[in-house]
Structures are given as structure tokens and as C-alpha cells.
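Any value given below was found using the heavy atoms of this structure, including those in side chains, with hydrogens, waters and symmetry copies removed.
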Amino acid sequence: MRNLLPLISSHPGGRSALTCRFRCGDACFQEIPNTSDNEYAGDIIARAVSRRSMMRAAAVVTVAAAAGTAALTGPNAPQAEAAALAGHGHKPHPPHKPAPSGARGLRFSPVAPNKNDKVTVPDGYGQNVVIRWGEPILRGAPAFNPEKQTAKAQAGQFGYNNDFLSLLPLRGERGRQVLVANHEYTDEILMFRGYDPANPTREQVEIAWAAHGLSVVVVQEESRTGKLGAVSRHPLNRRLTATSEFRVTGPAAGSDLLRTSADRTGSRVLGTLNNCAGGTTPWGTTLHGEENFNQYFANGTTAEHKRYGIGTGATERKWERFDRRFDLAKEPNEANRFGWVVELDPYDPDSTPRKRTALGRFKHEAAEPRLTSDGRPVVYMGDDERFDYLYKFVSSKRMKKGTSRAAREHNLTLLDEGTLYVAKLTGDSPPSEIDGSGKLPNDGEFDGSGVWIPLATGTTSHVPGMTADEVYVYTRLAGDKVGATKMDRPEDVEPSPRTGRVYVALTNNTDRGKEGKAPADEANPRNLNKHGQILELAENWDDPTSDGFAWRLFLVAGDPNDPSTYFAGFPKDRVSPISCPDNVAFDDHGNLWISTDGNQLGSHDGLFGVATHGDRRGELKQFLTVPAGAETCGPVIQDRRVLVAVQHPGEVDGASVEKPASTWPDGPGKIVRPSVVAVWRKDGRDIGV
């Protein structure tokens, strides 16, 4: 039997200190913002083992099964589900025939854990860099020159630290698609030669403002390979930065809580900040989650500022020296204008993106919609903070089909009216069986039921003591008041287009179980949780508008030789090791693809595929790894191509422009550049088949 893989970092989540410093403002070293005394899931479980509650949980599962959808089954899930799907074209392979080398879509030789300073892909696959930080995409933008960079140049060039990616069709232009990318944050130490963190210059600050935000760029595929390349200066290409104009829409637009001296209407905001993951809507727009916005604001003064992790002193980047709106002692409401989901129409370069207040304000990792049977969008969202919450929004409007102007204008209002909910989970095992070690309870699974607690609908608050405006602007406090379940950093949340099940990436929480902190519970079963887990959720009746659901842990990440890990019941000697799941996406075969952030197992971060159904459910295989110091972001999985955003390459403690820790992507002597990479099969066939 193999030995356990070594841990590589005592830093929370396995990130370098440099990454924590610039990406999230050292959030893991700050006081945990959630100091509420609402019940822990473990407290709820202790009272949940009554006949009535257990019958309700069982009914949830039975109902889902009766609907022919995502019934959450027991420890023999792979076999049971294979049998259930046998009549739907997903028959398990007969025992007398040799099994294929993987689930369909995952038939590739897994990449071994490694520390290569490159993107490592399976045998038989090729790759290319689609676009790098600084490449010109707008008319008039100059070629990238890191020694002579200006804010004006950067505003016309691809931004820094690409994260979420979306590829959208482009009608009428053969072989072309529209790529949309988030630019989460800047690392000035790796951007500017001789950078002085104590005394940034105005030019450096303004370049950083221009390097944040979003990019829209048309890409062209090479017909004989899977390569993609940027089409510079295409009419649809666009940059949105920390100084672009955004509209505030929805029920909190115009609220006193959103008004500042520069915007007395509370409806116009300059910029979008720390855009992490996102989503693509069925009506052809993209959604972008504003995550660690708190780190950009100095001199927090209120309890609400503290609940959102805003400090009382100066910021790392010192932006408050150059624009008063980043100084909350002068503009206490400016921070309230960030932490939203932004909706962008990438097909209209003249449109103003909108911050959707109906979806609540917190550290949005992502926002991925699905449609109800009558065409209303439901958006699932996670608040990426230790001990924070899982949310969903149910629209009250139906999507109109088609691409007419009337349909598009109507669909751009879908996320402004509806009900916002927060999740409360209950386990079905006695507390004595959840000891914090990750040992499975006696029923063989971490599972249970849950309820969606309504917070607000339009201008009506469902939270005692809070107005609707307060619920939307201070959504975390609303979750505190109604006793939502404290989770281990809920990040990307994605519904499966095939089954309707919802998958929640819970990245890690090294504070779980510490003195004075929430102990392990059935949904978050390990104390000092270094590796994270993925939760699988099935709505009652497979109805995304339901107020209840069944759940179970699909994966408990880490070294497969560690007894605390779990891979949906699949044999652990046949899976790749995985740590710190972050962004997730689906392929057309129903496989879940997982990118990681902060691998704690001695290897670089990577991209993994895992079967979610059939007799190979839980089979997890590593598809690629990224270079030194980098994180894998924004996976897009197409039939013949996989895209990843290689974020913060070379972001290793002690690194700088003068002392690079990576030579990717352009080799020695060149500045390290975050980039988007495409991967394809050299024989031209579909990925993993």
C-alpha cells in the first residue's frame, strides 16, 4: 500500500503567502467574519433523530426517485444508479466483457501528480496559449511591454489573473466563438519591476485598476487542430475595468445604503472588483461573481463592514490614497456597491453591465442558473468564506425563447425579480458518529436533508428585524439571523444539465473544530479540513423552486490512501488524489470537471474529471496540472476542447519580477503572464472517448 502523500504547506489551503496577500487580503489570517451564534449543523443533527424528521428525509429521497431524477441513494450508489439508468441508454458493461479505460468522456491516461513548471496534459493531447495578460484586444491598444506599461495601454489589453471563462457561439463567423474572462485580482509584485508595496505610484495603481474586471474577445479555431487564437480588434472585443460604469438593478437599486457623494441615486457604480468564477445563462449572457472585494477598502468603521471582512486600517494596495471612494471613513457606503453578481451581454459592446441586487451581496464565488419546467431561472451561489452559507435565487419571470430584440430585453430583467433563499442542512446520523476524523457514519454515507429559508422577495423581507434593502445589502447578516448552516467555504455551485443535481465545491476550512469554532458536522465532517469536499444536492421532486432537498457528500477530497477520503463509493485505489476543489463544470456526458486551488498533497494544482453516474460513478482522473505557483481556473469543457485559465503562475513566496519563480509561458528572461490555455486531442477526436 502506498504511503500517504506529503503535505506541502502549513499555510491555510496550501496557497503561498503571496497569493493570500494579494488575492484575498490574507482572509485566513483575519478574524472569522461570521461570529453569529446561529446553530451549527451538529446542533441541528442532535435534535434531528426524531421519527418525524427521519421520515421527512426519507420522503425527500423517495420523492426524487419517483420523479425519475436525482435520487440520492446509499453506499452502493454506483451499482444502484447503474441499474436505475439501464433503461435510459446507460447500461453497465456486462461482467464478461472488459471494461473500458474510463467513463465515457474520461478515457485518457491520467496525469500523475507533479511539480512541472508547465501545463502537463495526457499522452496524445496537444495544447496552446490562447491569450496572455497584456495582449492587445481593442483597436489602438499597443503591443504588451511590461517595462513601459501604462493604464491606457492596459485598458485595451487582456487583463491580469484570468479566472472564470465562458465560450459562446458566434453566428455567421465560421470557426469563431466569443470568449469572456474574469480578471480577479492583481499581484503588483509580479507586475512591476522594483515595486514598493509601501509607496505605490499613481501610474501603478491606475494600471492595476485597468487590469481588473472583465474581457470579451473573439477567438478563432484552427481547423486542423484544436488551437484557439485571439482575434484582436474584433468589434465585439471589450474591456471592463475598475473604472467602467455599471448599473445597479433590482429591488435594492436606489437604496440609501448604496448612495455615495459621487452617486446620489444609488444606481451607478464605477467598476467591478475581484471577479472570481461565474456562469453562463440560457439566454446568452454571462454572470460574474464579485468575491474578495473587502480587501480594497480601508478604514472600516461599522459592524456591517466587519461582518464582510473589511479591516479598520490601510489596504495592501493603498488605493485609498488615490481615490477617496476606497476610504470608508470618507465614503462608508462605497463597499456596499461591491459583492454582487454582475450580468454582461457579450454580444452588445455598447451595453452597460448590471449588478443584480436581487441575488444578494456576499463574497460570490460563482452563479450558475438552471431553468424550471416553466422556464424560470434558478441561480445557485456560494459565499466563499469559512463558515459562510449556500444560497439560491428563484426568478418570478419566465425566459422568452429566441434572439429577437424583445426577447433579449425581457430576458435581461429575469434576475431582478424573485425570491432569495439560504440553505440549512440536517444530517441523518447521530452526532456521536461524526467525530471530526472523516470516518463514515454507520449508514455508510454523509447525507441528510435540508431546507431553503426565504430571505426576501422583491420589496418584502422575510427576516424579522431587517428591511428588504438590508437583506439584499447585508445578506450575510440575514443568513445569520435565520440560522443558516455554516459551511467549509462554499465556492462554485453547478447544477448538472443532465440530472438536475446540484454540486457544491467546499474548498477547505482549517479552522473547523478549533476551540471556539464550529465543530465537524455531517456536511463538513473533518476538523482542520485541509482538502475540502463536494456536496451533491437533489431538490424535492426535482423541482428547483422547492423549499427542501436531500443531500450527500459526493467526494471527500485528499489522498485516496487516507481513510477519511471518499469517492462516491468507487474503489480508492483507482482514482487520482485531489485536494481543494474550487471551480466545477460539466461535459456533455454528465461528468463533473473540477479545478483545484491550493493543493495540499505535494503536487501542483490541476483539472480533474469524475463520473457522476453509471457503474463508474466516483471514478476521478487528473487531466492536467498547471505551472509553479499557479491555480487552475475557469474550466470550459467542449466536445473537442478543454479551456483552463492559468491564474497567478509564479506566485511563490519570495518571487518578484527580478526573481521569477516560474518561466511560464514564454520561457526564461520573459515576465510571467497569467494566460488562457486550450487542450485538445492530437488525433482530432472528442475529449476522453
Side-chain angles (χ1 to χ4, degrees), residues 5-9 11-16 19-20 23-24 28 106 110-116 118-122 161-165 184 276-277 291 365-366 382 384 488-494 503-510 526 529-535 553-560 562 565-567 575-586 591-610 620-637 642-649 651-652 674 677 679:
L5 295 170
L7 299 182
I8 61 170
S9 174
H11 203 75
R15 297 174 179 167
S16 72
T19 300
C20 285
R23 182 178 181 182
C24 59
C28 290
L106 301 178
V111 169
N114 66 76
K115 301 182 77 171
N116 299 331
K118 63 180 183 179
V119 175
T120 303
V121 299
N161 268 343
N162 31 228
D163 196 303
F164 166 75
L165 303 174
E184 185 175 8
C276 193
E291 192 188 19
E365 169 74 16
D384 184 9
D488 285 352
R489 288 185 58 206
E491 296 216 32
D492 205 352
V493 186
E494 297 264 344
Y503 293 81
V504 185
L506 299 160
T507 296
N508 55 49
N509 184 355
T510 54
R526 290 182 295 190
N529 180 11
K530 296 176 181 289
H531 301 298
Q533 63 264 15
I534 291 181
L535 182 143
L553 292 188
F554 174 60
L555 295 179
V556 181
D559 181 353
D562 185 336
T565 59
Y566 176 75
F567 294 81
V575 301
S576 297
I578 184 173
S579 177
C580 301
D582 188 348
N583 300 144
V584 294
F586 284 92
N591 301 310
L592 182 70
W593 290 70
I594 307 162
S595 64
T596 64
D597 171 19
N599 189 333
Q600 283 272 305
L601 293 173
S603 172
H604 288 172
D605 279 313
L607 179 67
F608 302 75
V610 60
L620 181 136
K621 301 172 75 173
Q622 182 156 5
F623 183 73
L624 61 76
T625 55
V626 292
E631 172 191 346
T632 318
C633 296
V636 174
I637 317 299
V642 168
L643 254 67
V644 292
V646 179
Q647 192 187 82
H648 59 77
E651 199 167 55
V652 174
V677 172
V679 182

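Rounded to the nearest 0.5 angstrom, Leu620 CG and Leu592 CG are separated by 9.0 Å. In this structure, the separation between CG on Leu607 and SG on Cys633 is 11.0 Å, given to the nearest 0.5 Å. Between Leu555 atom CG and His531 atom NE2 the span is 13.5 Å, to the nearest 0.5 Å. The distance from atom CH2 of Trp593 to atom OG1 of Thr632, rounded to the nearest 0.5 Å, is 12.5 Å. To the nearest 0.5 Å, atom CD of residue Gln622 and atom OG1 of residue Thr120 are 9.0 Å apart. Rounded to the nearest 0.5 Å, atoms SG (Cys276) and CZ (Phe164) are 11.0 Å apart.
Side-chain contact between Glu491 and Val584 is absent, with no heavy-atom pair separated by less than 4.5 Å. Annotation: side chain of Pro122 is in contact with side chain of Phe623 (closest heavy-atom distance under 4.5 Å). Inter-residue side-chain proximity for Val119 and Pro627 is flagged as met; some heavy-atom pair is nearer than 4.5 Å. Side-chain contact between Phe567 and Ile578 is present, with heavy atoms from C-beta onward closer than 4.5 Å. Side-chain contact between Asn599 and Cys580: absent, with no pair of heavy atoms (C-beta onward) separated by less than 4.5 Å.
Minimum interatomic distance between Ala585 and Pro635 (heavy atoms only, all atoms of both residues): CB-O, 3.7 Å. Closest of all the heavy-atom pairs between Val646 and Ala630 is CG1-CB, 3.8 Å. In terms of heavy-atom proximity, Ser579 sits nearest to Lys530 at OG-O, 4.2 Å. The two atoms that bring Leu506 and Pro581 nearest to each other are O-CG, 4.0 Å, heavy atoms only. The two atoms that bring Ser603 and Pro113 nearest to each other are OG-CA, 3.4 Å, heavy atoms only. In terms of heavy atoms, Val504 sits closest to Pro490 at CG1-CB, 4.3 Å.
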**Report entry** Verdict with supporting geometry, Asn583 and Glu494, side chain to side chain donor-acceptor pair (under 3.5 Å)
**Finding:** CA-CA 9 Å; Asn583 300 144; Glu494 297 264 344; over 6 Å; no
Query raised in the report: Passes side-chain contact (heavy atoms from CB on, under 4.5 Å), Tyr503 versus Ile594? Steps please.
Result: CA-CA 11 Å; Tyr503 293 81; Ile594 307 162; over 6 Å; no
Query - Gln647 vs Asp163, side chain to side chain donor-acceptor pair (under 3.5 Å): CA-CA, chis, key distance, verdict - result: CA-CA 7 Å; Gln647 192 187 82; Asp163 196 303; 3.2 Å; yes
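Partners of Asp605 under the salt bridge (Lys or Arg N to Asp or Glu O under 4.0 Å) rule, at least two apart in sequence or in another chain, do not exist in this structure. Every residue two or more places apart in sequence or in another chain that forms a side chain to side chain contact (heavy atoms under 4.5 Å, CB included) with Val652 is listed here: Ala661. Remark: Asn529 pairs with Asp488, Arg526, Gln533 by the side chain to side chain contact (heavy atoms under 4.5 Å, CB included) rule, at least two apart or across chains.
Between Glu631 and His648, the side chains place a donor N or O and an acceptor N or O closer than 3.5 Å (distance only, hydrogens not considered).
With Arg489 as reference, Asn508 is the one residue of Asp582, Thr507, Asn508 to meet the side-chain hydrogen bond (donor to acceptor under 3.5 Å, both in side chains) rule.
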